[in-house]
Peer 1: 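Please read through the structure below; I'll follow up with questions.
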There are 2 protein chains.
Amino acid sequence: MTTNSNVERRAELLATAAQVFADQGYNATTVRRVADAAGLLAGSLYYHFDSKESMLDEILSSFLDELWAGYDTVLAAGLGPRETIEALVTESFRQIDRHGPAVAIYQKEARHLSAQPRFAYLADSQVKFENAWLRTLERGVAEGVFRADLDVRLVYRFVRDTVWVAASWYRPGGTHSPEEIARQYLSMVLEGITTPN
Amino acid sequence: MTTNSNVERRAELLATAAQVFADQGYNATTVRRVADAAGLLAGSLYYHFDSKESMLDEILSSFLDELWAGYDTVLAAGLGPRETIEALVTESFRQIDRHGPAVAIYQKEARHLSAQPRFAYLADSQVKFENAWLRTLERGVAEGVFRADLDVRLVYRFVRDTVWVAASWYRPGGTHSPEEIARQYLSMVLEGITTPN
DNA sequence: TAATCTACCAAACACTTGTTAGGGAAGGAG
DNA sequence: CTCCTTCCCTAACAAGTGTTTGGTAGATTA
């Protein structure tokens with residue numbers, strides 16, 4: 001039976017685990033430290049979870065699920081290239097606002113985790129993400145909205161990295177809202193930082 | 001006595017250690033794995049180094065030394081704001097070309113390492129780096145070279161992150177030289193990716 | 001009231017970790 | 001030939017790791 005409090009407690013424990021993982025790094029974090037932060041003993045965590053790895057798995061997969069729910073609606077909206085980019089970036093910063101720790105973990109550990117079969121979905125997600133971006137950028141170049149003299153793949157990498165790495169310094173409740181950060185970032189990438197003419 | 005071969009061997013071992021650290025993450029990497037990659041046994045590493053941590057220390061500090069040698073000459077050259085930014089970015093990509101693994105390690109581990117007294121110089125370097133960038137950007141805004149409606153601190157963070165995170169995908173000897181990557185990146189950041197007008 | 005279930009603790013387990021101690025082959029120095 | 005240094009190996013250690021087992025106070029159910 002999956003009671004309601006059961007679900008809530010799991011989510012609560014996963015949230016603190018995600019925070020500690022993000023701060024110290026997954027491998028550098030001991031199960032006892034997570035338990036400490038949650039206010040119980042190490043062994044007690046195994047009443048709720050199979051293993052340390054399954055906590056990480058649940059943190060990352062539930063984050064990616066919600067992320068793609070947002071992305072898919074954007075991609076299905078039939079917007080123009082520039083508007084699609086704007087919507088994707090804004091959606092990304094919103095996810096950072098909501099799932100900060102999960103994003104930070106993803107950004108640090110995704111590379112060597114995706115080698116493990118259990119985390120193969122990380123690689124899948126990355127491929128899907130890259131395809132969506134590249135298609136949008138190429139469409140923009142074809143329509144004359146984006147410059148043709150830039151390497152699309154390089155642009156994609158730069159934009160992707162900058163957006164996600166923002167999770168390492170962004171703190172919810174700061175002076176800038178996710179939408180404001182997205183607006184400034186988009187303005188920089190789209191129009192450049194130099195004065196026109 | 002510090003013989004020549006002694007120095008060469010140390011550098012050789014540090015290079016392979018840096019590669020493994022960058023691939024697997026410092027904490028996830030066991031001393032035995034480093035030894036394996038270097039073709040000797042775990043204990044034998046302790047003939048050359050005091051500890052695993054001192055390997056990391058030597059990798060990071062020697063990288064930062066060389067990095068700042070480059071930066072300082074750029075900053076002392078008395079260039080204009082735009083030219084200073086261009087030179088800093090280009091120099092950064094050159095360092096990524098030369099010290100790829102060290103940069104990757106730095107980018108992943110710097111945050112929680114700088115809390116340790118032994119690695120306090122990481123925090124110092126970051127402060128110095130931030131000051132140099134912010135001063136240059138503000139000077140550019142004051143001179144009318146850069147837009148005044150962007151948050152300088154945000155611009156700094158975005159640019160800094162994008163440049164350094166490139167170490168995670170850049171591979172020496174690829175299709176793009178460091179200078180070419182720097183040129184494309186600068187073109188994007190300075191002029192934007194949309195077509196003029 | 002009696003039985004069951006929930007959520008935790010106490011204590012240990014097997015294993016991996018970084019590190020150390022002692023020894024030995026190879027080769028140059030005297 | 002002998003001595004000594006260099007560089008590595010073998011073998012172990014203590015501490016820390018993720019995980020398991022058995023138990024138990026307190027609420028929930030019958």
Side-chain angles (χ1 to χ4, degrees), chain A residues 1-60 105 108-109 112-113 115-119, chain B residues 1-60 105 108-109 112-113 115-119:
Chain A
M1 178 180 54
T2 305
T3 75
N4 197 14
S5 72
N6 205 339
V7 163
E8 277 177 28
R9 187 62 175 135
R10 278 181 78 87
E12 200 177 315
L13 292 174
L14 282 176
T16 70
Q19 283 227 29
V20 183
F21 286 162
D23 274 7
Q24 324 260 335
Y26 172 72
N27 281 289
T29 301
T30 130
V31 167
R32 294 179 221 293
R33 201 175 176 78
V34 173
D36 231 47
L40 39 74
L41 290 191
S44 307
L45 281 175
Y46 289 81
Y47 171 76
H48 300 275
F49 305 100
D50 288 346
S51 64
K52 181 189 178 188
E53 198 180 71
S54 77
M55 296 188 219
L56 179 65
D57 194 354
E58 199 163 332
I59 290 170
L60 291 179
I105 297 169
K108 268 189 207 162
E109 320 280 356
H112 63 270
L113 279 181
Q116 271 177 275
R118 175 170 197 172
F119 293 96
Chain B
M1 180 180 53
T2 305
T3 74
N4 198 15
S5 72
N6 204 341
V7 163
E8 276 177 27
R9 187 64 174 133
R10 278 181 77 87
E12 201 177 317
L13 292 174
L14 283 177
T16 70
Q19 284 227 30
V20 183
F21 287 161
D23 275 7
Q24 324 260 335
Y26 172 72
N27 280 290
T29 302
T30 130
V31 166
R32 285 163 177 66
R33 200 176 176 78
V34 173
D36 231 48
L40 40 75
L41 290 191
S44 307
L45 280 176
Y46 288 80
Y47 171 75
H48 300 276
F49 305 100
D50 289 345
S51 64
K52 180 190 180 189
E53 199 181 70
S54 77
M55 296 188 219
L56 179 64
D57 194 355
E58 198 164 333
I59 290 170
L60 291 178
I105 297 168
K108 268 188 207 161
E109 322 279 356
H112 63 270
L113 278 182
Q116 272 178 272
R118 176 171 197 171
F119 293 96

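Lettering of chains follows the sequences in order, A, B, ..., and the numbering in each one begins at 1. Only this structure's heavy atoms are used, side chains among them; waters, hydrogens and symmetry mates stay out. None of these values were measured; they are calculated from a predicted model.
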Peer 1: According to salt bridge (charged side-chain N to carboxylate O under 4.0 Å, His left out), who are the partners of E58(A), at least two apart in sequence or on a separate chain?
Peer 2: R10(A)
Peer 1: For L41(B), report the nucleic acid contact type (base, sugar-phosphate, nothing); a contact means any heavy atom under 4.0 Å.
Peer 2: base
Peer 1: Tell me, which pairs form a ring-ring contact (aromatic ring centres under 6.0 Å, His included) where one or both residues lie in residues 23-57 of chain A, sequence neighbours left out?
Peer 2: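 Those involving residues 23-57 of chain A are F21(A)-Y26(A).
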Peer 1: Nearest whole Å is fine: how far is dG18(C) C1' from L56(B) CG?
Peer 2: 14 Å
Peer 1: Under 4.5 Å between any side-chain heavy atoms of L45(B) and M55(B), yes or no?
Peer 2: yes
Peer 1: Anything under 3.5 Å between a donor and an acceptor, one on a side chain of residues 28-43 of chain A, the other on a protein residue two or more places apart or in another chain? List them.
Peer 2:
from   : atom 1 : to     : atom 2 : distance (Å)
T29(A) : OG1    : G25(A) : O      : 2.6
T30(A) : OG1    : R32(A) : N      : 2.8
T30(A) : OG1    : R33(A) : N      : 3.4

Peer 1: Under the side chain to side chain donor-acceptor pair (under 3.5 Å) rule, collect the residues that match up with Q24(B), sequence neighbours excluded.
Peer 2: none
Peer 1: Checking R118(A) now: which residues fulfil salt bridge (charged side-chain N to carboxylate O under 4.0 Å, His left out) with it, not counting sequence neighbours?
Peer 2: E53(A), D57(A)
Peer 1: Let me confirm one number: the CD1-CG distance from I105(A) to L56(A), rounded to the nearest 0.5 Å.
Peer 2: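 Answer rounded to 0.5 Å: 6.5 Å.
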Peer 1: Starting from P on dG16(D), measure out to CZ on R33(A) and report it in whole angstrom.
Peer 2: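 Between P of dG16(D) and CZ of R33(A): 13 Å.
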Peer 1: T29(B) near the nucleic acid: base, sugar-phosphate alone, or nothing, with a heavy-atom cut-off under 4.0 Å?
Peer 2: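 Touches sugar-phosphate only.
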Peer 1: On the nucleotide dG18(D), are OP1 or OP2 found under 4.0 Å from the side-chain N or O atoms that T30(A) carries?
Peer 2: yes
Peer 1: Would you say a side-chain N or O of Y47(B) is under 4.0 Å from OP1 or OP2 of dC8(D)?
Peer 2: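 For dC8(D), neither OP1 nor OP2 has a side-chain N or O of Y47(B) closer than 4.0 Å.
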Peer 1: Under 4.0 Å from any atom of DNA chain D, heavy atoms only: list the residues of residues 17-28 of chain A that qualify, in numerical order.
Peer 2: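 Output list: empty, so none.
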Peer 1: Output a table of donor-acceptor pairs, distance under 3.5 Å, between side-chain atoms of residues 11-19 of chain B and any protein atom two or more places apart or on a different chain; print 'none' if there are none.
Peer 2:
from   : atom 1 : to     : atom 2 : distance (Å)
E12(B) : OE2    : R9(B)  : NH1    : 3.2
T16(B) : OG1    : L13(B) : O      : 3.0

Peer 1: Nearest whole Å is fine: how far is dA25(C) C1' from L40(B) CG?
Peer 2: 16 Å
Peer 1: Looking at S51(A) and S54(A), what are the two nearest heavy atoms and their distance?
Peer 2: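 Scanning both residues completely, I find the closest heavy atoms to be O-OG, 2.9 Å.
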Peer 1: Does R9(A) have a side-chain nitrogen or oxygen under 4.0 Å from the phosphate oxygens OP1 or OP2 of dC8(C)?
Peer 2: yes
Peer 1: Any N/O pairs under 3.5 Å between the protein and nucleotides 19-22 of chain C? List them or say none.
Peer 2:
from    : atom 1 : to     : atom 2 : distance (Å)
dT19(C) : OP2    : Y46(B) : OH     : 2.5
dT19(C) : OP2    : K52(B) : N      : 2.7
dT19(C) : O5'    : Y46(B) : OH     : 3.3

Peer 1: Does a nitrogen or oxygen in the side chain of H48(B) sit under 4.0 Å from OP1 or OP2 of dT6(D)?
Peer 2: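 Negative; the distance criterion is not met.
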Peer 1: Separation of L45(A) atom CG from dT21(D) atom P, in whole Å?
Peer 2: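 To the nearest whole Å, that distance equals 17 Å.
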